[in-house]
Enquirer: 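What follows is a single structure, and I will ask about it in a moment.
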Amino acid sequence: MSPSVAIPSRRALLGKSRPISQCLARCPGSKNIHSQGRRSFATSSSRHEEKSFKGQLYDSTHERLQRERAEQARFAKIRAENSPPRALWGATIALLGGALGGYLFGRQTPAEIPTTSTTTLSASTPPTHNTAPTNLQAAWSDFKAIVGESNVSTAEADVSSHSGSDWSSYPSLPGDRPFCVIKPGSTEEVSAVMKVCHERRIPVTAYSGGTSLEGHFAATRGGICIDFSRMDKILALHKDDLDVVVQPAVGWETLNETLAESNLFFPPDPGPGAMIGGMVGTGCSGTNAYRYGTMKDWVLSLTVVMADGTIIKTKQRPRKSSAGYDLTRTFIGSEGTLGLVTEATLKVTVLPQNVSVAVCSFNTIREAANAVFRVVGEGVPISAIEILDDVQMRCINDAGSTSRTWAERPTLFFKFSGTATGVKEQISMVQKIAKSAGSRTFEFAKSKDEADELWSARKEALWSVMAKKRDDSDHVWTTDVAVPISRLPDIIEETKEDIGRSGLMASIVGHVGDGNFHSEALVHRMVKRAIEMEGTATGEHGVGLVKRDYLPHELGDGAVDLMRKMKQAFDPLCLLNCDKIVRVQRPKPGEVQEW
């Protein structure tokens, strides 16, 4: 039998149900639904006496959704009125994206290389260094690890002595001081120090003998000073090849003492205390220049540490070579601005068999200069000719540093070398020429001791002038120029007259055989006079800070701009002896003296 199910009637179902108001009262928002539902139920009762629960629930849900959509539309309208247009947001995002992309592209794309062969001062970008105390102190730890703590000094005495000197023509400013003095012991240590400085952008000045005169080791950018005093060894002597390998802190006097044991000598002889590193840097000469030439003629090869720590050697040891650019001479006279010389291979020669000295005095400086011109014109093979004016001779007497008293008149000092017969012939020829030029006295040495005594006056010239200082407020200005030998009498006489008009105490000393002489005052007019006579602003002291603004007048702007380009190529960050030889940024108003 099939099961039967009793189905209650619709009224029966509604009768057992709770009222719709009770059911809907439990729903959210039931108040309105309840009242509306009640009205709807009442009005429609005539047509549908019993509206289904499902239908009533549907109606209330529909009404709620309609209200929610209306609220969403209202909030959307408010947001649209208070927000930027979508297009503006898009443009902003696009702009930011483009800027970021351009930055990243710029970082990855190298800057265009300038195509000019020279760099003008106006086109130069001032160097950016990092001499902040935190950077220098952090580097100090690196330097200690490289050279040892005892070879890094921040002591006031060390820093001060490596900032300038009493005999320099450049008056050091209070800020021209290094943070510390570092004393490396090898080429490799110099390289390691420079790598630290390159990475941290710390400027560097080099120091060997400290006898330079034109502000060469003034630390105009702060940074550090590399003192080569520990690198003072003669590394190798090749007697058969007549060359010697030395480190930069070997003094020329010490070198000659060693070479004399092998009957050899090194001719360049600048002032006492000069060392090979500085002699290379300034391209110096000395009293022997007339016969033997200057420093550039006696350097075969150099080992150099570049600004980024790279170590190079400019050449091998042969006396001649056509292999590539002459890098050796590029560094000679560069004053530590292109690289740091850590070794030098020098030519040496055989000691002359005999050496003698003669001294003669004149009534006027013009007579003495004319005598020089005639001796050179006659081709007398002398080793050196030096001129000292009457003021200089008086300073030597007042200093009392020699064993005799000198006539206080313009005086010529001659040095002769060669065989005994040759020396006698040279002395005889010079004596005859000097007499015809108006010499008052003529005395020559008959022994080595007498020769040393006569020549001692020349070597005491600078120190005797220094002794004239009354107190620390007095300043000695030592400088030099050079002219063609035919113009020597003119420039000496004119400068002597200029000195007399100035009222200053100033003396004249010179290696007159090569047209080079010095004056302790009236520098600007003297330099201008020399250049106008087709001479040079400096014959041997170098440019440094003092003479750099004379270079455009002597060489022309194009040549100076080429030097600036070379400096940028060798030392792009301008770490090495910045500001020397060529300017790397424009001078302040009034800083350059009018021509």
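Note that the structure is a prediction, hence the values are computed from the model and not measured.
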Enquirer: Say whether Thr328 and Thr314, considering side chains only, have a donor N or O and an acceptor N or O under 3.5 Å apart.
Expert: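 Judged by distance alone, the side chains do pair up.
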
Enquirer: I would like to know whether Ser356 and Glu450 meet side chain to side chain donor-acceptor pair (under 3.5 Å); could you show each step before the answer?
Expert: CA-CA 8 Å; Ser356 187; Glu450 287 185 8; over 6 Å; no

Enquirer: Is Lys469 atom NZ crowded by more than 12 heavy atoms from other residues, nucleotides or ligands, each under 6.0 Å away?
Expert: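 More than 12 heavy atoms, drawn from other residues, nucleotides or ligands, come within 6.0 Å of this atom.
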
Enquirer: Is a side-chain N or O of Thr536 found less than 3.5 angstrom from the main chain of Glu554, in a donor-acceptor match?
Expert: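 No; zero donor-acceptor contacts below 3.5 Å.
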
Enquirer: Does the pair Asn370 and Phe362 meet the rule for a side chain to side chain contact (heavy atoms under 4.5 Å, CB included), with working shown?
Expert: CA-CA 11 Å; Asn370 280 331; Phe362 297 80; over 6 Å; no

Enquirer: Ion pair present between Glu335 and Lys580, side-chain N to carboxylate O less than 4.0 angstrom?
Expert: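 Salt bridge: no.
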
Enquirer: Considering only NZ, NE, NH1 and NH2 on the basic side and carboxylate oxygens on the acidic side, decide whether Arg329 and Asp297 come within less than 4.0 Å.
Expert: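 Judged by the 4.0 Å cut-off on N to carboxylate O distance, Arg329 and Asp297 do form a salt bridge.
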
Enquirer: Can Asp452 and Lys448 be counted as an ion pair, charged N to O under 4.0 angstrom?
Expert: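 Salt bridge: yes.
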
Enquirer: How many angstroms lie between atom CH2 of Trp298 and atom NZ of Lys296, to the nearest 0.5 angstrom?
Expert: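 Answer for the CH2-NZ pair, Trp298 versus Lys296, is 12.5 Å.
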
Enquirer: Please determine if Glu443 and Arg404 form a salt bridge, counting it only when a charged side-chain N lies under 4.0 Å from a carboxylate O.
Expert: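 Counted as a salt bridge, because a side-chain N and a carboxylate O are separated by less than 4.0 Å.
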
Enquirer: Can you tell me if Ser160 uses its side chain to pair, donor with acceptor, with the backbone of Ala157 under 3.5 Å?
Expert: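 No.
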
Enquirer: Evaluate the criterion side chain to side chain donor-acceptor pair (under 3.5 Å) for residue pair Glu386 and Thr287; output intermediate values, then yes/no.
Expert: CA-CA 7 Å; Glu386 299 287 301; Thr287 62; 5.1 Å; no

Enquirer: Should Leu454 and Phe414 be marked as a side chain to side chain contact (heavy atoms under 4.5 Å, CB included) after you check the CA-CA gap, both sets of side-chain angles, and the distance that decides it?
Expert: CA-CA 10 Å; Leu454 291 176; Phe414 296 91; over 6 Å; no

Enquirer: Could you tell me whether the side chain of Asp389 and the main chain of Ile508 form a donor-acceptor pair under 3.5 Å?
Expert: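 Indeed, once roles are kept as given, a pair shorter than 3.5 Å links the two residues.
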
Enquirer: Mind checking whether Met279 and Pro270 have side chains closer than 4.5 Å, heavy atoms only?
Expert: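 Yes, side chains in contact.
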
Enquirer: Using atom types as modelled and distance alone, determine if a side-chain donor or acceptor of Asp571 lies under 3.5 Å from a backbone N or O of Ala307.
Expert: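 No.
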
Enquirer: Quick check: does any side chain N or O of Arg564 sit under 3.5 Å from a backbone N or O of Thr119, one acting as donor and the other as acceptor?
Expert: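 Checked: pair present.
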
Enquirer: Compute whether any side-chain donor of one residue and acceptor of the other, for Thr441 and Ser361, lie under 3.5 angstrom apart.
Expert: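 Checked: Thr441/Ser361 side chains pair up, N/O donor to acceptor below 3.5 Å.
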
Enquirer: Mind checking the OG1-CE spacing from Thr479 to Met526? Nearest 0.5 Å is all I need.
Expert: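 If I round to the nearest 0.5 Å, the distance is 5.0 Å.
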
Enquirer: Is a side-chain donor-acceptor pair under 3.5 Å present for Gln431 with Ser439?
Expert: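 The answer is no; no qualifying pair exists.
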
Enquirer: Give the ring-plane orientation class for Phe413 versus Trp406, where under 30° counts as parallel, over 60° as perpendicular and anything between as tilted.
Expert: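 Ring orientation, 0 to 90° scale: tilted.
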
Enquirer: Would you say Asn256's side chain and Phe266's backbone share a donor-acceptor pair under 3.5 angstrom?
Expert: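 Present.
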
Enquirer: Dump the intermediate steps for side chain to side chain contact (heavy atoms under 4.5 Å, CB included) on Leu338 and Leu576, then the final yes or no.
Expert: CA-CA 7 Å; Leu338 303 182; Leu576 297 173; 6.0 Å; no

Enquirer: Are Pro178 and Tyr207 side-chain neighbours, meaning at least one heavy-atom pair lies under 4.5 Å?
Expert: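 Side chain of Pro178 against side chain of Tyr207, heavy atoms only: no contact under 4.5 Å found.
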
Enquirer: Taking Asp232's backbone N and O only, do any of them form a donor-acceptor pair with Gln247's side chain (distance below 3.5 Å, no angle check)?
Expert: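 The answer is yes, because a donor-acceptor pair under 3.5 Å joins these two groups.
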
Enquirer: If you look at every heavy atom in His541 and His216, which pair is closest and at what distance?
Expert: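 Scanning both residues, the minimum pair turns out to be O-CE1, 3.1 Å.
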
Enquirer: Just how far is it from atom CG of Asp243 to atom CG of Leu264, taken to the nearest 0.5 Å?
Expert: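 Going from the CG atom of Asp243 to the CG atom of Leu264 covers 10.5 Å.
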
Enquirer: Using a 6.0 Å cut-off, check whether atom CZ of Phe444 has over 12 heavy atoms from anything other than its own residue.
Expert: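 Check fails, neighbour count at 12 or below.
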
Enquirer: Where do Cys578 and His129 come nearest, in terms of heavy atoms and distance?
Expert: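 For Cys578 versus His129, the nearest heavy atoms are SG-CE1, 4.2 Å.
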
Enquirer: Answer yes or no: is there a side-chain heavy-atom contact under 4.5 Å between Ser417 and Ser383?
Expert: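 SC-SC contact between Ser417 and Ser383 confirmed.
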
Enquirer: So, does Gln392 use its side chain to make a donor-acceptor pair with the main chain of Ala461 at under 3.5 Å?
Expert: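 Here the side-chain-to-backbone pair exists.
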
Enquirer: Using side-chain heavy atoms (C-beta onward) and a distance below 4.5 Å, is Phe442 in contact with Lys432?
Expert: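 No, every pair of side-chain atoms sits at 4.5 Å or beyond.
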
Enquirer: For a quick check under 3.5 Å, do Asp449 and Ser447 share a side-chain donor-acceptor pair by atom type?
Expert: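 No donor-acceptor contact under 3.5 Å links the two side chains.
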
Enquirer: Report yes or no: does Arg586 contribute a side-chain atom to a donor-acceptor pair with the main-chain N or O of Leu121 at less than 3.5 Å?
Expert: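 Answer holds: no.
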
Enquirer: Give the intermediate values and the outcome of side chain to side chain contact (heavy atoms under 4.5 Å, CB included) for residues Thr342 and Met231.
Expert: CA-CA 8 Å; Thr342 58; Met231 300 177 65; 3.9 Å; yes

Enquirer: What heavy-atom pair brings Thr120 and Ser124 nearest, and what distance separates the two atoms?
Expert: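 Minimum heavy-atom separation between Thr120 and Ser124: O-OG, 3.0 Å.
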
Enquirer: Are Thr402 and Glu460 close enough that a side-chain donor and a side-chain acceptor fall under 3.5 Å?
Expert: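 The criterion, which ignores hydrogens and geometry beyond distance, is not satisfied for Glu460 and Thr402.
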
Enquirer: Is the number of heavy atoms from other residues, nucleotides or ligands under 6.0 Å of Lys424 NZ greater than 12?
Expert: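 No.
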
Enquirer: Indicate yes or no: at least one non-hydrogen side-chain atom of His553 is less than 4.5 angstrom from one of Val527.
Expert: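 The answer is no, as the side chains (C-beta and beyond) never meet within the 4.5 Å cut-off.
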
Enquirer: Measure the SG-CG distance between Cys284 and Asp269 for me, rounded to the nearest 0.5 Å.
Expert: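 Between atom SG of Cys284 and atom CG of Asp269 there are 8.5 Å.
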
Enquirer: Salt bridge check, Glu591 against Arg548: does any charged N sit closer than 4.0 Å to a carboxylate O?
Expert: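 Between Glu591 and Arg548 there is a salt bridge, with a charged N closer than 4.0 Å to a carboxylate O.
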
Enquirer: With rounding to the nearest 0.5 Å, note down the distance linking CZ in Phe416 to CD in Glu425.
Expert: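 The distance works out to 12.0 Å.
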
Enquirer: Quick one: pull up CD1 in Ile396 and OG in Ser464 and give me the separation to the nearest 0.5 Å.
Expert: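 The OG atom of Ser464 is 5.0 Å from CD1 of Ile396, to the nearest 0.5 Å.
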
Enquirer: If every non-hydrogen atom of Val423 is compared with every non-hydrogen atom of Gly418, which pair is closest and at what distance?
Expert: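 Looking at all heavy atoms of both residues, the shortest contact is CG2-N, 3.7 Å.
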
Enquirer: Does Phe570 have Lys567 sitting over its ring (NZ/CZ under 6.0 Å from centre, angle to axis within 45°)?
Expert: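 No, Lys567 does not lie over the aromatic ring of Phe570.
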
Enquirer: Salt bridge or not between Glu532 and Lys528? Use side-chain N to carboxylate O under 4.0 Å.
Expert: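 Yes, this pair counts.
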
Enquirer: If you compare all heavy atoms of Ser334 against all heavy atoms of Ile581, which two are closest, and at what distance to 0.1 Å?
Expert: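 Residues Ser334 and Ile581, closest heavy atoms: O-CD1, 3.4 Å.
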
Enquirer: Is any side-chain heavy atom of Arg221 less than 4.5 Å from a side-chain heavy atom of Val584?
Expert: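 The answer is yes; the side chains approach within 4.5 Å.
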
Enquirer: Determine, step by step, whether Thr538 and Glu214 satisfy the side chain to side chain donor-acceptor pair (under 3.5 Å) criterion, reporting the C-alpha distance in whole Å, the side-chain angles of both residues, the deciding distance to 0.1 Å, and the verdict.
Expert: CA-CA 10 Å; Thr538 174; Glu214 307 289 357; 5.4 Å; no

Enquirer: Considering all heavy atoms of both residues, which atom of Thr211 and which atom of Ala274 are nearest to each other, and what is their separation?
Expert: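 Smallest interatomic distance, heavy atoms only, reads OG1-CA, 3.7 Å.
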
Enquirer: Any non-hydrogen side-chain atom of Lys565 less than 4.5 Å from a side-chain atom of Ser117?
Expert: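 No; the side chains remain at least 4.5 Å from each other.
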
Enquirer: I'd like to check Pro268 versus Trp252 (side-chain heavy atoms, cut-off strictly below 4.5 Å). Are they in contact?
Expert: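 A side-chain contact under 4.5 Å is absent here.
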
Enquirer: How about CD on Glu378, more than 12 heavy atoms from neighbouring residues, nucleotides or ligands closer than 6.0 Å, or not?
Expert: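 It does not: Glu378 CD has 12 such atoms or fewer within range.
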
Enquirer: Regarding Thr419 and Thr421, is there a side-chain donor-to-acceptor distance under 3.5 Å anywhere?
Expert: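 Absent: no donor and acceptor within the cut-off.
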
Enquirer: Does the pair Lys315 and Thr345 meet the rule for a side chain to side chain donor-acceptor pair (under 3.5 Å), with working shown?
Expert: CA-CA 9 Å; Lys315 211 179 76 168; Thr345 303; over 6 Å; no

